[in-house]
Amino acid sequence: MQYLEFRFEVSPKNPWDEILIAKLAEVGFDSFAEDGDAILAYIPKKEFVKKSLDSLNIFQNYSIEISYGCQVMPDINWNEEWEKNFEPIVVEDKVLIRAEFHEPQPEMHEIVIQPKMSFGTGHHPTTYLMLRQMLQMDFAGKTVLDMGCGTSVLAIFAKQQGAEKVLAIDIDEWSVENSRENAARNRAEIEIQQGTAENLGTEKFDIILANINRNILISDIPVYTRVLNSGGQLLLSGICYFDEADILEVCSANALTFNEKHQKEEWISLLLEY
């Protein structure tokens, strides 16, 4: 598959580099890297259209300068390149996310994944925040939904923590394939579907995990409450700190009560109860 490489220069860099990455991920960019002060963003050539960059108009409301250039990349095995640079992740000195080629650390809870280009390996602060919050939650005997599952790290962890049933859903075919591989690798019995919140029917859940992005969360929160049991928990991330009020407003309008917030850099996770 042939990719386009965009090289973005952002000034000031912090915290706008991570916010830029979040906006690009919403419109189809699927991998990112840093090159000095520049952000390298990649998107399949066949999926890119000029309007993909319209979301950057939001930055016009702030004192931020963004410039970029673009080049066509050689047709190489991007998963192989991704794997070469995959480093293990440690969450709160309790959970280790690693690939099979990393050394095991028996003193920690391990999740072993094949590090393909699906979102949710744990490197991004939002996945880290979700796992950190999940360490404090009770999954024993619960029914769990993981929306926008990516690699299914969250779904796997929920199952390993004693969840009775776990459903993982992602819109991306590649993520679904990777999720099934990772679930098998960790001997985690998880139902994995390709789709969106439209997949949800009448089945109810005790816990819903949704690490997606602001716009999809705002759109789907009413659907989540429809399938969330009374007294159930909704854990959200993929949210920049300045979007917190908008998210909480929608949650409040749907009878969700705010419980706790965690923050890492400019990203937050929100735990709510129904």
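Just so it is clear, the values below take in all heavy atoms, side chains as well, and ignore hydrogens, waters and symmetry mates. For this chain, numbers begin at 1 and follow the sequence in order.
- Without hydrogens or angle criteria, Ser252 side chain to Glu249 main chain gives no donor-acceptor distance under 3.5 Å.
- A 6.0 Å sphere centred on CD of Gln193 holds more than 12 heavy atoms belonging to other residues, nucleotides or ligands.
- Taking the side chain as every heavy atom from C-beta outward, Gln71 and Leu4 never approach each other to under 4.5 Å.
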Problem set entry | Check against salt bridge (charged side-chain N to carboxylate O under 4.0 Å, His left out), Arg7 and Glu9 | CA-CA 7 Å; Arg7 181 184 182 89; Glu9 303 278 351; 3.6 Å; yes
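- At least one side-chain heavy atom of Leu209 sits under 4.5 Å from a side-chain heavy atom of Met134.
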For this session: Evaluate the criterion side chain to side chain contact (heavy atoms under 4.5 Å, CB included) for residue pair Ile171 and Gln194; output intermediate values, then yes/no.
Result: CA-CA 5 Å; Ile171 195 171; Gln194 182 176 358; 5.9 Å; no
Exercise. Can you list the steps and then say if Phe6 with Phe48 is a ring-ring contact (aromatic ring centres under 6.0 Å, His included)?
Worked result: CA-CA 11 Å; Phe6 282 77; Phe48 177 76; 5.1 Å; yes
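- Counting only N and O atoms by type, the side chains of Glu266 and Tyr241 include no donor and acceptor under 3.5 Å apart.
- Contact of the Ile190 side chain with the Ile156 side chain is registered, since non-hydrogen atoms from C-beta on lie closer than 4.5 Å.
- The pair Asp37-Lys13 fails the salt-bridge criterion, with no side-chain N (NZ, NE, NH1 or NH2) lying under 4.0 Å from an Asp/Glu carboxylate O.
- Using a 4.5 Å heavy-atom cutoff, the side chains of Tyr128 and Glu92 are in contact.
- Atom CG of residue Leu131 and atom CD1 of residue Ile89 lie 9.0 Å apart, to the nearest 0.5 angstrom.
- The neighbour count for Lys204 NZ, taken as heavy atoms of other residues, nucleotides or ligands under 6.0 Å away, is above 12.
- Across all their heavy atoms, Ser237 and Thr126 have their closest contact at OG-CB, 3.4 Å.
- Annotation for Arg98 and Pro88: closest pair CB-CB, 4.1 Å, computed over non-hydrogen atoms.
- Contact between Cys251 and Leu236 at its shortest, heavy atoms only, is SG-CD1, 4.0 Å.
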Problem set entry | Test side chain to side chain contact (heavy atoms under 4.5 Å, CB included) applied to Asp206 and Val144, step by step | CA-CA 6 Å; Asp206 300 309; Val144 179; over 6 Å; no
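- In the model, Gln105 has no side-chain atom that pairs as donor or acceptor with a side-chain atom of Glu103 under 3.5 Å.
- Looking at heavy atoms from C-beta onward, Thr196 lies out of side-chain contact with Asp170 at the 4.5 angstrom threshold.
- Using a 4.5 Å heavy-atom threshold, the side chains of Lys142 and Glu164 count as separate.
- Ring planes of Tyr68 and Phe8: tilted class, angle from 30 to 60°.
- Across every non-hydrogen atom of Asn186 and Val112, the tightest pair is ND2-O, 2.6 Å.
- Two different hydrophobic clusters hold Ile111 and Leu129 under the rule that ILVMFWY side chains link at heavy-atom gaps under 4.5 Å.
- The cationic group of Lys45 does not satisfy the cation-pi geometry with Tyr3, failing either the under 6.0 Å distance to the six-membered ring centre or the 45° limit from the ring axis.
- Other members of the cluster containing Met108 are Val90, Leu96, with ILVMFWY side chains joined at under 4.5 Å, either directly or via other members.
- The pair Glu189-Lys165 does not meet the salt-bridge criterion, since no charged nitrogen lies less than 4.0 angstrom from a carboxylate oxygen.
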Exercise. What do the steps show when you test Gln133 against Glu260 for side-chain hydrogen bond (donor to acceptor under 3.5 Å, both in side chains), and what is the final call?
Worked result: CA-CA 9 Å; Gln133 181 66 67; Glu260 189 175 23; 3.2 Å; yes
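- Separation of atoms OG1 (Thr127) and CH2 (Trp267) is listed at 10.5 Å; rounding is to 0.5 Å.
- Note that CG of Leu270 is 10.0 Å distant from CD of Gln263, once rounded to the nearest 0.5 Å.
- One finds the CD1 atom of Ile239 at 5.0 Å from the CD1 atom of Ile268 (value rounded to the nearest 0.5 Å).
- No more than 12 heavy-atom neighbours from other residues, nucleotides or ligands sit within 6.0 angstrom of CD on Glu65.
- A distance-only check finds no donor-acceptor pair linking the side chain of Asn229 to the backbone of Gly232 [under 3.5 Å].
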Exercise. Going through the distances and angles, do Asn182 and Ser152 end up as a side-chain hydrogen bond (donor to acceptor under 3.5 Å, both in side chains)?
Worked result: CA-CA 7 Å; Asn182 290 332; Ser152 278; over 6 Å; no
For this session: Would you sort out whether Asp146 and Leu167 count as a side chain to side chain contact (heavy atoms under 4.5 Å, CB included), showing the intermediate values?
Result: CA-CA 6 Å; Asp146 181 5; Leu167 171 62; over 6 Å; no
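- With hydrogens and angles ignored, the 3.5 Å screen pairs a side-chain donor or acceptor of Arg226 with a backbone N or O of Gly201.
- Between the side chains of Asn178 and Thr151, no donor-acceptor pair of N or O atoms lies under 3.5 Å.
- Put simply, Leu53 and Val49 are part of two different groups of oily side chains (I, L, V, M, F, W, Y) that touch within less than 4.5 Å, one to the next.
- Side-chain contact, Gln233 with Tyr274: no donor N or O sits under 3.5 Å from an acceptor N or O.
- Here the side chains of Leu145 and Ile207 are not in contact, with every heavy-atom distance at 4.5 Å or above.
- A distance-only check finds no donor-acceptor pair linking the side chain of Asp35 to the backbone of Ala38 [under 3.5 Å].
- Counting heavy-atom neighbours within 6.0 Å of Glu198 CD, excluding the residue itself, gives a total of 12 or less.
- Other residues, nucleotides and ligands contribute more than 12 heavy atoms inside 6.0 Å of the CD atom of Glu107.
- Within the 4.5 Å cutoff, the side chain of Val250 has heavy atoms near those of the Asn254 side chain.
- For the pair Ser179 (side chain) and Gly150 (backbone), a donor-acceptor distance under 3.5 Å is present.
- How far NZ of Lys261 is from CD1 of Ile247: 13.0 Å, rounded to the nearest 0.5 Å.
- In the hydrophobic cluster analysis, where Ile, Leu, Val, Met, Phe, Trp and Tyr join through side-chain heavy atoms closer than 4.5 angstrom, Ile218 is grouped together with Ile19.
- With values rounded to the nearest 0.5 angstrom, Leu235 atom CG is found 4.0 Å from Met130 atom CE.
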Exercise. Between Asn211 and Ser269, does a side chain to side chain contact (heavy atoms under 4.5 Å, CB included) hold up when you go through it step by step?
Worked result: CA-CA 9 Å; Asn211 180 22; Ser269 64; over 6 Å; no
